[in-house]
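Here's the structure we're looking at; comments come further down.
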Amino acid sequence: MDGAHSVALQLQQLPPTSSANSVSEASFSYKENLIGALLAIFGHLVVSIALNLQKYCHIRLAGSKDPRAYFKTKTWWLGLFLMLLGELGVFASYAFAPLSLIVPLGAVSVIASAIIGIIFIKEKWKPKDFLRRYVLSFVGCGLAVVGTYLLVTFAPNSHEKMTGENITKHLVSWPFLLYMLVEIILFCLLLYFYKEKNANNIVVILLLVALLGSMTVVTVKAVAGMLVLSIQGNLQLDYPIFYVMFVCMVATAVYQATFLSQASQMYDSSLIASVGYILSTTVAITAGAIFYLDFIGEDALHICMFALGCLIAFLGVFLITRNRKKAIPFEPYISMDAMPDEGAG
């Protein structure tokens, strides 16, 4: 009787322990999501400031006889330092939070660029003209902020350790292999129409960028996660998959930059920013959901609210870029922003 009573007492104690562990894990997941989101937001803000500093420097020296006069200015070098700092922040963010959360936060670059552009306007506008010109930008900023809030709040909480074994396991899983087959076929078809049939539509070019970008962010998360684990004492650099991912990351980023450069010669930068952000974010989230299984275990409400946050952010970015002035044909400032979710700024 006493033995049965003892067993009953032990069974009664088990649920609270399990519940406590669940709460602790949820708290840890939310904390990691928050760290990753803050790093990404910080990185995008700093990159936007850096690009505008370099742009300001080049515009100010546009009439100089020395084509590289900007190298002698502290402003340009400050912009380069801030850009490297911002890119490092975005890179590190992938090690802490799910890919599906970090990628859409590229909207922060668009919001920051819009606000910085308005603050540094040199022309004097009448209140009526100012409101008419920038009302869509203000509405777009508001929507993008609301969308970003929903993204952070309802982001998936998948936090698998980025070990060599786990990444290899995902790489050879049949859902990802099937996804890769579809992506390769689609990429080859688009490339054929672009090169052979002169299909220079902006959607074709930016879809090529988005398909490459989805592989870039998948590999960036793997490389960043393995580096963080190595720094923490769990060495991952002796796994061949690390170097495979690193080479893929660099190669896809370089080809993205090539296609983006070609698109910028044919289309306005604001159109590239909005269409590119929407396509790249959608494809990258799909790739992350398949490779890293970001949404496994998430309830339908969280997934729907996350999708709603994406749609609101898309609309916000579209409105912000809709009223933006056309870019000056020659803007020689350096942009290391090859990521699709960061190039929106």
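Reckoned from all heavy atoms, side chains included, excluding hydrogens, waters and symmetry mates.
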Rounding to 0.5 Å, atoms OG1 (Thr321) and CG (Asp268) come to a distance of 9.0 Å

Those residues at least two apart in sequence (or on a different chain) that pass side-chain hydrogen bond (donor to acceptor under 3.5 Å, both in side chains) with Thr252 are Thr216

Check this for me, if you would: do Lys221 and Glu160 make a salt bridge, where the nitrogen-to-carboxylate-oxygen distance has to be below 4.0 angstrom?
no

Quick one: do Val218 and Leu178 end up in the same hydrophobic cluster if we chain Ile, Leu, Val, Met, Phe, Trp and Tyr together by side-chain heavy atoms under 4.5 Å apart?
no

Tightest non-hydrogen contact, residues Ser274 and Val317, listed as CA-CG1, 3.9 Å

Using atom types as modelled, flag every donor-acceptor pair under 3.5 Å from a side chain in residues 198-207 to any protein atom, sequence neighbours excluded.
unit_1 : atom_1 : unit_2 : atom_2 : d
Asn201 : OD1    : Val203 : N      : 2.8

Next item on the list: For side chain to side chain contact (heavy atoms under 4.5 Å, CB included), just list the numbers for Glu183 and Met215, CA-CA rounded to whole Å, side-chain angles, deciding distance to a tenth of an Å, and then say yes or no.
Entry: CA-CA 10 Å; Glu183 179 166 309; Met215 290 299 99; 3.5 Å; yes

Rounded to the nearest 0.5 Å, the CG atom of Leu143 sits from the CD1 atom of Ile111 at a distance of 10.0 Å

So CG of Leu190 and CD1 of Ile185: to nearest 0.5 Å the spacing works out to 12.0 Å

Between Met83 and Ala50, the two heavy atoms sitting closest are N-CB, 3.4 Å

Open item on the list: Would you say that Thr73 contacts Trp77 through its side chain, given a criterion of any heavy-atom pair below 4.5 Å between the two side chains?
Closed with: no

Exercise. Flag yes if Leu171 and Tyr94 sit in one hydrophobic cluster, no otherwise; membership is Ile, Leu, Val, Met, Phe, Trp, Tyr, and two members link when side-chain heavy atoms are under 4.5 Å apart.
Key: yes

Problem - Step-by-step side chain to side chain contact (heavy atoms under 4.5 Å, CB included) determination, Tyr255 to Val209 - result: CA-CA 8 Å; Tyr255 280 107; Val209 173; over 6 Å; no

Check whether any side-chain N or O of Ser264 sits under 3.5 Å from a backbone N or O of Ser261 as a donor-acceptor pair, and report yes or no.
yes

Tightest non-hydrogen contact, residues Ala284 and Val103, listed as CB-CG1, 3.7 Å

When rounded to the nearest 0.5 Å, the distance separating CG of Leu53 from OG of Ser48 is 11.0 Å

Is the backbone N or O of Val90 less than 3.5 Å from a side-chain atom of Ser93, with the two atoms forming a donor-acceptor pair by type? yes

Would you please test Asn157 and Glu298 for side chain to side chain contact (heavy atoms under 4.5 Å, CB included) and show each step? CA-CA 8 Å; Asn157 283 317; Glu298 296 293 326; 4.0 Å; yes

Would Val275 end up clustered with Met266 when hydrophobic side chains under 4.5 Å apart are linked, directly or stepwise?
yes

- Are Leu39 and Val152 linked, directly or through other ILVMFWY residues, by side chains that come within less than 4.5 angstrom of each other? no

- Hydrophobic cluster membership, Phe96 vs Met162, 4.5 Å side-chain cutoff: no

Residue pairs passing the ring pair (Phe, Tyr, Trp, His ring centres under 6.0 Å) test with at least one member in residues 172-225, sequence neighbours excluded, are Phe176-Phe291

Return a table of donor-acceptor pairs under 3.5 angstrom between the side chains of residues 301-315 and protein atoms on other chains or two or more places apart.
unit_1 : atom_1 : unit_2 : atom_2 : d
His302 : ND1    : Asp299 : OD1    : 3.1
His302 : ND1    : Asp299 : OD2    : 3.2

| request: Could you tell me whether the side chain of Tyr292 reaches within less than 4.5 Å of the side chain of Ser100, counting heavy atoms only? | output: no

Residues passing the side-chain hydrogen bond (donor to acceptor under 3.5 Å, both in side chains) test with Thr163, sequence neighbours excluded, are Asn166

Distance-only, no hydrogens or angles: does the Thr282 side chain make a donor-acceptor pair with backbone N or O of Ile278 under 3.5 Å?
yes

Between Pro104 and Leu151 the two heavy atoms that sit nearest each other are CB-CD1, 3.3 Å

Side chains of Pro98 and Asn33: does their closest heavy-atom pair fall under 4.5 Å?
-> yes

When rounded to the nearest 0.5 Å, the distance separating CD1 of Ile102 from OG1 of Thr281 is 12.0 Å

SG (Cys141) and CD1 (Ile320) are apart, to the nearest 0.5 Å, by 4.0 Å

For Cys248 and Thr219, the nearest pair of non-hydrogen atoms, with its separation, is CB-CG2, 3.8 Å

Residues Ser109 and His44: closest non-hydrogen pair is OG-ND1, 3.2 Å

N/O donor-acceptor pairs under 3.5 Å from side chains in residues 227-247, not counting sequence neighbours:
unit_1 : atom_1 : unit_2 : atom_2 : d
Ser230 : OG     : Met226 : O      : 2.8
Ser230 : OG     : Gln236 : N      : 2.9
Asn234 : OD1    : Gln236 : NE2    : 3.1
Gln236 : OE1    : Gly164 : N      : 2.8
Gln236 : NE2    : Asn234 : O      : 3.4
Tyr239 : OH     : Glu165 : OE1    : 3.3
Tyr239 : OH     : Glu165 : OE2    : 2.7
Tyr243 : OH     : Leu237 : O      : 2.8

